[in-house]
Structure formats: structure tokens, C-alpha cells
Amino acid sequence: MKRKIIFLMTLLVLLLSSCTQASNSEEKDYSMIFSAGWWTFKNSYQNGEYKKTFLIKYDTLKSIERIGSDELDFLKDSDKKASDYEATFGWDVLAQMVSRQDGYFFQKSLDSELPKWCTGEVEEEQQKEPVQKRNNCLIVIESNKSITINESTTISYTQIQNVYNNDELEFNIIENKNNLSVTTDVSSSSYTVSCNSTGSISYQIVDKTADFSSNIGIITFVESSNNNSNPNFTTSALLVGTWNVSTTGLIFNTIEFYADGTGKVYNPNYQGYNTIKWKIINNNTMKVTNSLNQSGNATYNLSVDGKHLTLKDFMGVSWEIEADKA
């Protein structure tokens with residue numbers, strides 16, 4: 001009898017052990033493998049459904065990049081940063097929460113389940129009305145301007161009308177054949193320009209809000225007049241720019257001198273132009289080389305204000321050529 005009781009007790013222990021192992025095998029496996037991207041977290045499980053859903057995007061270091069709900073991007077138009085949510089919605093925080101307590105859901109999101117703010121589709125931009133051109137908007141800038149390099153120069157508009165302080169203004173470089181690095185800052189009253197190399201650019205001031213662009217101007221960046229290695233700086237700087245030729249009987253009526261020692265001669269009413277290279281030899285003489293690599297010396301006389309120029313023997317023209325700065 002005693003042996004029978006011991007046998008039954010042993011059998012009972014084995015049965016209880018077997019049931020415990022079976023129960024443990026049926027427990028949920030909360031272990032998960034991390035991968036960067038969007039994850040869905042749900043909590044407040046009540047009456048068979050989740051009351052709150054959160055969408056969190058983690059980078060490869062598990063840091064939060066974006067966070068929101070089904071309808072709302074928490075970071076848009078908010079002073080909060082993604083890092084502000086780390087303590088509550090960090091990946092390790094949520095993974096441990098799910099593993100320790102029922103009533104939570106946390107797993108990698110499917111792309112098909114993500115709302116539009118997560119996938120980058122912005123309905124507001126598609127519905128945004130096109131920019132309307134503002135009537136009577138006017139921006140006029142100087143046609144030619146010389147600026148000393150390594151200095152920040154503020155330039156006022158020649159004329160401006162119906163341009164508002166909150167307009168989005170832009171300094172638009174049209175031609176930069178010298179590949180200059182130009183720094184600019186534009187406001188509704190003036191614009192600031194600086195560069196650390198000599199050369200020329202052509203540009204416009206664009207009011208993107210009003211959909212209006214100014215006339216085209218040329219800025220020539222020149223060395224300081226205190227540079228003793230360039231005694232002809234003043235004359236060189238004043239020559240740079242566009243000159244309108246008033247002398248008749250010529251094929252060309254426009255001359256352009258660039259700060260890098262190049263230029264061109266042309267008539268805007270005809271196609272084509274002649275490129276030139278120029279170099280000041282002394283106070284009254286410059287050496288000019290045309291596109292055929294033919295060189296010759298031309299004499300010049302520049303007015304004190306730098307607005308009127310007289311040339312002789314320029315481009316093979318033996319008589320004096322009169323020109324005014326554009």
C-alpha cells in the first residue's frame with residue numbers, strides 16, 4: 001500500500017510538471033528584432049480594440065526621426081524635437097513595455113498602412129495656388145557696378161515699387177564665367193554682395209512672391225586701390241562695363257570690358273560678336289587682341305567721372321570712337 005501511494009504521488013508530480021511546461025510553451029514570444037524604419041505602437045486596449053495608435057520612425061541607431069498618429073505629424077509646426085520623445089517612445093522603452101505587460105502592440109509597419117504624412121505625400125502642396133504676378137511691382141538695379149573684393153558692399157535699388165518687407169527676394173546669378181564664389185543677402189530696400197576673387201557676374205533680383213524680376217545688371221569684383229602692384233587699378237576698374245558707341249559708320253556699336261581682361265565687341269541688331277583681350281599698358285594706351293589673335297595698341301581717353309570714353313586705333317578703326325557707359 002505504501003509503495004502504491006508513493007507511485008501515485010510521483011505520477012502526480014510528473015503530470016504537474018508536464019502541464020507547467022505546456023503552459024510555458026504557449027506563452028507569447030515578445031522577442032523582436034530591430035530594423036530601421038517605421039514602427040506602429042498601440043496602447044489602451046479596451047473592449048477588444050486599441051484606442052491610441054502611434055507611428056514612430058527610427059534610424060539605424062534607434063533614434064527617433066519622426067513621430068505622430070494616424071492623422072497628425074507631431075513635429076510639424078511644433079517647437080518640439082524628435083529627441084523630446086525618446087524617453088517615452090524610444091524603441092527599447094516600447095519593446096520592454098510590450099514584453100512586460102499585456103494590452104500593448106508594437107511591431108514594424110507595413111508601407112501600405114502608413115498615412116500620407118509618413119510617405120511624403122503632401123496634399124496641401126498639390127492644392128496650393130500658383131504665384132500671382134503683382135501689378136505695378138518694379139525693381140530696377142544698376143546696369144554696372146564695381147565692387148572691391150574681400151569687402152561686403154550694400155547696394156541700394158535704383159528704383160523699387162510695390163515690394164514688401166515679407167516678400168521672398170532672391171539674388172539670381174545669370175552668368176558667372178569666372179566661377180566666382182559670391183555671397184549675397186537681399187532685402188526689400190537693398191542687397192549686400194561680397195566676393196574674394198576678381199571677375200564679373202551678371203545677375204537679377206527676383207521677387208518670388210510677386211513673380212517679378214529686375215533688369216539684368218553686371219557686377220565686377222576688383223582689387224583694392226591700395227594694391228601697389230596694380231598702379232592702373234583706377235583706370236581698369238572704370239573701364240570695366242558696357243559702353244554704348246555713339247560714333248556712326250561702324251559695324252559694332254557696343255563694347256564690353258570685363259575685369260579678367262577679356263571682352264567683346266558687337267551690334268545687338270546683328271548676330272555674332274568679336275571677342276577681345278585687353279590690357280592697359282600706360283595711362284593712355286591699351287593693348288587689344290581680337291578673336292583671330294591679332295594684336296594692336298589703341299589709345300584711350302577716359303573722363304574723370306568714368307562715364308565717357310574716347311578710343312583711337314581700336315579694332316583697326318583709325319579715327320576716334322566716342323562711347324558712353326551704359
Side-chain angles (χ1 to χ4, degrees), residues 141-158 170-186 190-206 214-245 252 254-266 273-291 293 295-309 311 314-315 323-326:
I141 60 176
E142 293 186 46
S143 299
N144 291 277
K145 182 76 175 179
S146 293
I147 293 178
T148 304
I149 61 173
N150 299 318
E151 293 182 5
S152 182
T153 302
T154 299
I155 306 172
S156 298
Y157 299 107
T158 302
E170 183 179 84
F171 188 99
N172 181 33
I173 296 178
I174 298 173
E175 185 177 23
N176 184 6
K177 63 180 182 178
N178 302 116
N179 294 320
L180 301 177
S181 177
V182 182
T183 302
T184 64
D185 183 40
V186 186
S190 62
Y191 51 100
T192 302
V193 186
S194 63
C195 182
N196 57 7
S197 303
T198 59
S200 299
I201 61 168
S202 61
Y203 70 102
Q204 284 178 307
I205 300 297
V206 179
S214 72
N215 59 302
I216 297 176
I218 297 174
I219 291 180
T220 304
F221 299 99
V222 296
E223 294 180 355
S224 170
S225 57
N226 295 325
N227 186 353
N228 295 327
S229 64
N230 185 7
N232 293 316
F233 160 78
T234 303
T235 302
S236 298
L238 291 175
L239 278 173
V240 169
T242 302
W243 296 86
N244 295 325
V245 178
F252 58 88
T254 307
I255 305 170
E256 292 184 5
F257 293 109
Y258 304 134
D260 62 353
T262 63
K264 62 182 180 181
V265 178
Y266 62 95
Y273 56 86
N274 196 336
T275 59
I276 62 172
K277 294 180 180 179
W278 63 281
K279 180 180 180 181
I280 292 179
I281 299 175
N282 56 49
N283 291 336
N284 297 106
T285 308
M286 70 168 67
K287 181 179 179 181
V288 181
T289 305
N290 63 20
S291 55
N293 206 30
S295 298
N297 290 344
T299 58
Y300 69 89
N301 186 11
L302 189 63
S303 62
V304 176
D305 61 2
K307 299 295 185 181
H308 186 77
L309 176 66
L311 294 167
F314 179 80
M315 300 296 291
D324 295 297
K325 203 151 194 183

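Below, all heavy atoms of this structure are taken into account, side chains as well, without hydrogens, waters or symmetry copies.
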* Nearest-0.5 Å distance, NZ of residue K325 to CG of residue N244 -> 11.5 Å

* Any idea how Y191 and F171 line up, ring-wise: parallel (<30°), tilted (30 to 60°), or perpendicular (>60°)? -> tilted

* Asked: Under the 3.5 angstrom rule, does the side chain of N274 hit a backbone N or O of S291 as a donor-acceptor pair?
  -> yes

* **Non-hydrogen side-chain atoms of M315 and I255 separated by less than 4.5 Å** => no

* Asked: Closest approach of L180 and S200, non-hydrogen atoms and distance?
  -> CD1-N, 3.8 Å

* Asked: Is it true that the side chains of T299 and N284 contain a donor and an acceptor less than 3.5 Å apart?
  -> no

* To do: Kindly give the heavy-atom pair with the smallest separation between S194 and S152, and that separation in Å.
  => CB-CA, 3.9 Å

* Backbone N or O of I216 within a donor-acceptor pair of the Q204 side chain at under 3.5 Å? -> no

* Who passes salt bridge (charged side-chain N to carboxylate O under 4.0 Å, His left out) against E175, sequence neighbours left out? -> none

* Calculate, to the nearest 0.5 Å, the distance between atoms NZ and CD1 belonging to K145 and I201 respectively. => 13.0 Å

* Strictly by modelled atom types, are T220 and S146 linked by a side-chain donor-acceptor pair under 3.5 Å? -> no

* For the residue pair T262 and T275, establish whether any side-chain heavy-atom pair is separated by less than 4.5 Å. => no

* Asked: side chain to side chain donor-acceptor pair (under 3.5 Å) with T153: which residues, sequence neighbours excluded?
  -> none

* Which distance, rounded to the nearest 0.5 Å, do you find between the CZ of F221 and the CD1 of I149? -> 10.0 Å

* Asked: How would you list, by chain and number, every residue that makes a side chain to side chain donor-acceptor pair (under 3.5 Å) with S156, sequence neighbours excluded?
  -> none

* To do: Could you tell me which non-hydrogen atom of T192 sits nearest to which non-hydrogen atom of T154, and how far apart they are?
  => OG1-OG1, 3.3 Å

* **Shortest non-hydrogen contact between A326 and S143, atoms and distance** => O-CB, 4.1 Å

* Any side-chain heavy-atom pair from F257 and L309 closer than 4.5 angstrom? -> yes

* Asked: Between L239 and W278, is any pair of side-chain heavy atoms under 4.5 Å apart?
  -> yes

* Asked: So do K177 and Y258 actually touch side chain to side chain, heavy atoms under 4.5 Å?
  -> yes

* List the steps and the verdict of side-chain contact (heavy atoms from CB on, under 4.5 Å) for I155 and I219. => CA-CA 11 Å; I155 306 172; I219 291 180; 4.1 Å; yes

* Asked: How many angstroms lie between CG in D260 and NZ in K277, if you round to the nearest 0.5 Å?
  -> 10.0 Å

* **Residue pair L311 / Y300: nearest heavy atoms and the distance that separates them** => CD2-CB, 3.6 Å

* Asked: Would a 4.5 Å heavy-atom cut-off, applied to side chains only, mark Y203 and V193 as touching?
  -> no

* To do: Identify the heavy atoms of E256 and Y266 that sit nearest to each other, and give their distance.
  => OE2-OH, 2.6 Å

* To do: Measure the CG-OG distance between D185 and S190 for me, rounded to the nearest 0.5 Å.
  => 8.5 Å

* To do: State, yes or no, whether a side-chain contact exists between I205 and Y157 at a heavy-atom distance under 4.5 Å.
  => yes

* Structure fact -> Distance col, row K279:NZ vs K287:NZ, nearest 0.5 angstrom, shows 7.5 Å

